[in-house]
Amino acid sequence: QLFYLPLYGGDYLIYLKTYQLDYKASGFSMNPNNLGCFLILTIFMTIFYLRVKITKNYFLYYVLLVLQILCLILTKSRGALLAFLIGCFLLLILFVKDNKKIALFFLGIIACLSVILFTNYPDLISTIFDPNHRTNMQRIQIWLISIQIIKDFPFGVGILNYENIYPYYWETGQKYLPHAHNWYLHTFIESGLVSGSIFFLFYFSIFTYFFKHLKNSNLIIPITLVSFSIFNLSDYILTDTRICILLVLIIF
């Protein structure tokens with residue numbers, strides 16, 4: 001255990017632990033959802049390297065891609081798997097116009113991934129859109145609380161102050177959660193409606209710029225950001241510095 005970070009309940013930057021609940025893959029000092037998001041970003045970047053032919057080690061990158069996808073499945077992160085599949089469909093649309101052989105390759109990936117998930121984790125898939133599922137109910141509760149906080153503090157409670165304000169709204173019997181499980185709600189709570197809107201206007205304007213000005217071979221980058229944005233509808237993982245650094249590197 002090295003480099004203790006006191007924010008958001010506290011954790012170590014380097015902490016070689018295993019995640020015991022339901023045997024979900026969690027990586028180094030990550031929970032399964034964080035690892036799932038990390039993999040979404042890195043999987044699409046691996047595809048990007050293969051697509052633009054930056055590397056000559058094609059075989060190694062294909063092996064890496066398979067291992068990344070298998071690891072993503074082992075996280076059992078429903079949000080990450082759903083965001084990844086949506087990203088794959090967007091890539092499929094892109095490659096159908098550009099290169100049909102690559103499109104068939106990704107169609108095969110989607111098909112194999114779907115078969116693995118539905119064969120081995122049918123319960124996991126069935127709970128994605130089930131409002132009565134335990135973790136879904138927790139998220140719905142905290143989203144309702146988050147909306148109430150935004151109504152009470154439309155100008156925000158201040159960066160990193162979510163944990164200070166949330167206990168005043170937390171009801172006995174509810175599970176305490178250190179963030180809003182939604183990037184957009186969490187940002188509006190801490191930064192306020194005006195500042196939060198300006199930030200997301202800037203963030204999504206990057207998408208428009210990329211789609212207008214990048215070559216087809218480089219459109220994997222904004223598709224990566226779209227998948228990341230979809231994932232963060234049901235989670236908030238920017239407390240992990242590694243993901244923040246990776247996200248900024250991908251954009252730039």
Side-chain angles (χ1 to χ4, degrees), residues 8 33-49 51-52 72 77-98 106 128-129 139-140 142-144 146-147 149-151 153-162 179-252:
Y8 300 100
N33 289 333
N34 282 36
L35 178 58
C37 186
F38 188 87
L39 285 166
I40 286 173
L41 295 173
T42 53
I43 286 172
F44 284 118
M45 284 299 98
T46 301
I47 296 169
F48 173 72
Y49 292 143
R51 181 68 190 88
V52 299
L72 179 65
S77 172
R78 296 171 300 162
L81 289 167
L82 182 62
F84 175 65
L85 283 173
I86 292 172
C88 283
F89 277 114
L90 294 174
L91 283 179
L92 186 61
I93 295 170
L94 172 65
F95 291 144
V96 162
K97 296 179 180 179
D98 193 34
F106 277 98
I128 289 179
F129 298 107
R139 278 171 167 76
I140 291 171
I142 198 168
W143 292 341
L144 292 174
S146 298
I147 292 171
I149 296 174
I150 293 170
K151 288 180 179 178
F153 298 92
F155 295 102
V157 299
I159 302 297
L160 302 180
N161 275 326
Y162 175 87
H179 53 75
H181 268 285
N182 182 295
W183 181 24
Y184 310 95
L185 290 176
H186 194 105
T187 302
F188 286 130
I189 287 172
E190 293 193 339
S191 300
L193 291 171
V194 175
S195 298
S197 297
I198 291 172
F199 169 76
F200 285 117
L201 181 64
F202 168 74
Y203 174 73
F204 286 108
S205 69
I206 294 173
F207 289 38
T208 306
Y209 179 84
F210 281 168
F211 279 115
K212 281 185 177 180
H213 296 282
L214 292 184
K215 299 177 182 178
N216 282 351
S217 59
N218 294 337
L219 289 179
I220 298 172
I221 295 171
I223 289 175
T224 303
L225 298 178
V226 169
S227 294
F228 174 84
S229 303
I230 291 171
F231 172 85
N232 280 281
L233 285 168
S234 61
D235 217 324
Y236 180 77
I237 47 73
L238 291 180
T239 53
D240 194 311
T241 308
R242 293 163 292 187
I243 292 176
C244 293
I245 292 172
L246 183 59
L247 179 64
V248 171
L249 286 174
I250 289 171
I251 292 173
F252 278 91

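By convention here, the first residue in the shown sequence is residue 1.
Considering every non-hydrogen atom in both S191 and I159, the closest pair reads OG-CD1, 3.4 Å. Residues T224 and M45 approach most closely at OG1-CE, 3.8 Å, considering heavy atoms. Nearest heavy atoms, T187 versus G196: CG2-CA, 4.2 Å. For the residue pair C37 and A80, the shortest heavy atom distance occurs at N-CB, 4.4 Å.
More than 12 heavy-atom neighbours from other residues, nucleotides or ligands sit within 6.0 angstrom of CZ on F199. Atom CZ of F211 has more than 12 heavy atoms from other residues, nucleotides or ligands within 6.0 Å.
How far CD1 of I40 is from CG of L35: 10.0 Å, rounded to the nearest 0.5 Å. In this structure, the separation between CD1 on I223 and CG on N218 is 11.0 Å, given to the nearest 0.5 Å. Distance check, rounded to the nearest 0.5 Å: CD1 of I250 to CG of L41 gives 4.5 Å.
The only option from D235, L144, L233, N182 that meets the side chain to side chain contact (heavy atoms under 4.5 Å, CB included) definition with R139 turns out to be D235.
Between Y184 and F200, the two ring planes are tilted [angle within 30° to 60°].
Between F207 and F204, the distance separating the two ring centers is shorter than 6.0 angstrom. Checked against the 6.0 Å centroid criterion, the rings of F44 and F84 qualify as a close aromatic pair.
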Any chance you could lay out the side-chain contact (heavy atoms from CB on, under 4.5 Å) test for F38 and N34, step after step, and finish with the verdict?
-> CA-CA 6 Å; F38 188 87; N34 282 36; over 6 Å; no
Take F155 and S195 through the test side-chain contact (heavy atoms from CB on, under 4.5 Å) and record every step on the way to the result.
-> CA-CA 8 Å; F155 295 102; S195 298; over 6 Å; no
